[in-house]
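Side-chain atoms are counted along with the backbone in the values below, which use heavy atoms only and exclude waters and symmetry mates. Fair warning: this is a prediction, and the values are worked out from it, not measured in the lab. Order of the sequence lines sets the chain letters (A, B, ...), proteins ahead of strands, with each chain counted from 1.
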Protein chains: 2
Amino acid sequence: MDNRTYSIRQLSKEFDVTARALRFYEDKGLISPERKGQTRLYSARDRARLQLILRGKRLGFSLVEIHEILDLYTPKDHGASQMKATLVKYRKQIETLKRQREDIDAAISDMQAGCVWLEEQVQKLEAENLQQSKA
Amino acid sequence: MDNRTYSIRQLSKEFDVTARALRFYEDKGLISPERKGQTRLYSARDRARLQLILRGKRLGFSLVEIHEILDLYTPKDHGASQMKATLVKYRKQIETLKRQREDIDAAISDMQAGCVWLEEQVQKLEAENLQQSKA
DNA sequence: AAATATCTTGACGTTTACGTCAATGTAAAG
DNA sequence: CTTTACATTGACGTAAACGTCAAGATATTT
């Protein structure tokens, strides 16, 4: 296992988030670093959770939603019925992500089409300008 | 062309957003429906822009970012240098979207892996339970 | 025409996700 | 041992994205 620990500053620098944000995430129950006296000591697991948090943010999820996603990653190891319930959540989450991917793909297509169109316009304009400079 | 117009309520019902939100988007310069006297009349174009707005929101973009994206879609038809500048923005936006898709793909992979793992656990548990009920 | 439904523009309230001090504590460096 | 650096916990401030009245104009149904 990875026993390295990180101070709040190290982590905030590495991921370009403020210490305030890290404490805020802790407040909301997204991370729970250990303490050496007063000061926080982030483990490799905390670091991994932070990565998931930031990915969730980049995808536009709220901290509450991210919390639920993190809960899925946190093995609860309960009865079979509990695990089946969790599986349902997993699959819902996967569906949500897939719909989001469709949105992204559509957006990329749109953008690329617009890009191509614009490139054509530029070509035309520059062709005209060439004509003009000849005359 | 599509000459149909929509009242604020029609649009809000169709896309499941409040009238307040539509007025808010207008306030922020994202849509600008015409007026018949006082009341707003949304055109097919406004409707299309609304769809883009909502897609942007699903992808986690802020209204300011969405505004910039909408600007890209709005043909300015200026000089070649202007259009080239726009092209740069297009390509940046496409890069942003592609990075987001990588995030999504990673998230989906993670989720599917966790899903498979969980399914195995459930299998094991149920196998144990079968053993128990035999004895 | 009266009632009902829908539209309008303010204006203030609310939630989320932190930013920004302030006051204090601890710990390493000179 | 004092300065310097980074840690802590409040507490208040803030930007974004609307929600939620209020008060009035308009339009349509009965």
*Asks:* Taking atom P of D/dA27 as reference, at what distance in whole Å does atom CD of B/Gln38 sit?
*Replies:*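 Rounded to whole Å, this separation is 10 Å.
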*Asks:* To the nearest angstrom, how far is A/Arg9 atom CZ from C/dT26 atom P?
*Replies:*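 From A/Arg9 CZ to C/dT26 P: 18 Å.
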*Asks:* Does a donor on one side chain and an acceptor on the other come within less than 3.5 Å for B/Arg49 and B/Thr74?
*Replies:*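 B/Thr74 and B/Arg49 do have a side-chain donor-acceptor pair below 3.5 Å.
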*Asks:* Using whole Å, report how far CD1 of A/Ile66 lies from P of C/dT16.
*Replies:*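 Whole-Å distance recorded here is 13 Å.
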*Asks:* So, OP1 or OP2 of D/dT26: does either fall under 4.0 Å of a side-chain N or O from B/Thr39?
*Replies:*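 For B/Thr39, the contact criterion (side-chain N or O under 4.0 Å from OP1 or OP2 of D/dT26) is not met.
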*Asks:* Which part of the nucleic acid does B/Arg20 contact within heavy-atom distance under 4.0 Å: base, sugar-phosphate only, or nothing?
*Replies:*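 Contact class for B/Arg20: base.
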*Asks:* Grab the CD1-C1' distance between B/Ile31 and D/dA17 for me, whole Å please.
*Replies:*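 Taking atom C1' of D/dA17 as the reference, CD1 of B/Ile31 is at 14 Å.
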*Asks:* What is the distance, to the nearest angstrom, from the NZ atom on B/Lys57 to the P atom on D/dA16?
*Replies:*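 From B/Lys57 NZ to D/dA16 P: 13 Å.
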*Asks:* Rounded to whole angstrom units, what separation is found between the CG atom of B/Asp27 and the P atom of C/dA11?
*Replies:*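 My rounded result for the distance is 13 Å.
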*Asks:* Nearest-Å distance, CD1 (A/Ile53) to C1' (C/dC18)?
*Replies:*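 Roughly 14 Å, once rounded to whole Å.
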*Asks:* Given that B/Ala19 and A/Ile8 both sit by DNA chain D, which one's nearest nucleotide is further toward the 5' end?
*Replies:*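 Counting from the 5' end, the first nearest nucleotide belongs to A/Ile8.
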*Asks:* With a 4.0 Å cutoff (strictly under), does any side-chain N or O of A/Thr18 reach OP1 or OP2 of C/dG19?
*Replies:*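 For C/dG19, OP1 or OP2 has a side-chain N or O of A/Thr18 closer than 4.0 Å.
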*Asks:* Whole angstrom is fine here: how far is it from NZ in A/Lys36 over to P in C/dG25?
*Replies:*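 Roughly 19 Å, once rounded to whole Å.
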*Asks:* Using a 3.5 Å distance criterion without hydrogens, assess whether the side chain of B/Asp46 forms a donor-acceptor pair with backbone atoms of B/Ser43.
*Replies:*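 At least one qualifying donor-acceptor pair exists.
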*Asks:* For B/Met83, does its backbone N or O pair with a side-chain atom of A/Gln121 as donor and acceptor, under 3.5 Å?
*Replies:*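 No.
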*Asks:* Would you say C/dA17 has OP1 or OP2 under 4.0 Å from some side-chain N or O of A/Tyr25?
*Replies:*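 Looking at the OP1 and OP2 atoms of C/dA17, neither is under 4.0 Å from any side-chain N or O of A/Tyr25.
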*Asks:* Any side-chain N or O of A/Arg40 less than 4.0 Å from the OP1 or OP2 oxygen of D/dC6?
*Replies:*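 Checking D/dC6 against A/Arg40, no side-chain N or O comes under 4.0 Å of OP1 or OP2.
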*Asks:* Check for a donor-acceptor pair, side chain of A/Glu65 on one end and backbone N or O of A/Ser62 on the other, with a separation under 3.5 Å.
*Replies:*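 Yes, A/Glu65 side chain to A/Ser62 backbone: donor-acceptor pair under 3.5 Å.
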*Asks:* Choosing from D/dA7, D/dA17, D/dT8, which nucleotide comes nearest the side chain of A/Arg35?
*Replies:*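 Closest nucleotide to the A/Arg35 side chain: D/dT8.
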*Asks:* Is it the case that the side chain of A/Gln100 and the backbone of A/Leu59 share a donor-acceptor pair, with hydrogens and angles ignored and the cut-off at 3.5 Å?
*Replies:*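 Yes, the answer is positive, given that a donor and an acceptor are paired below the 3.5 Å cut-off.
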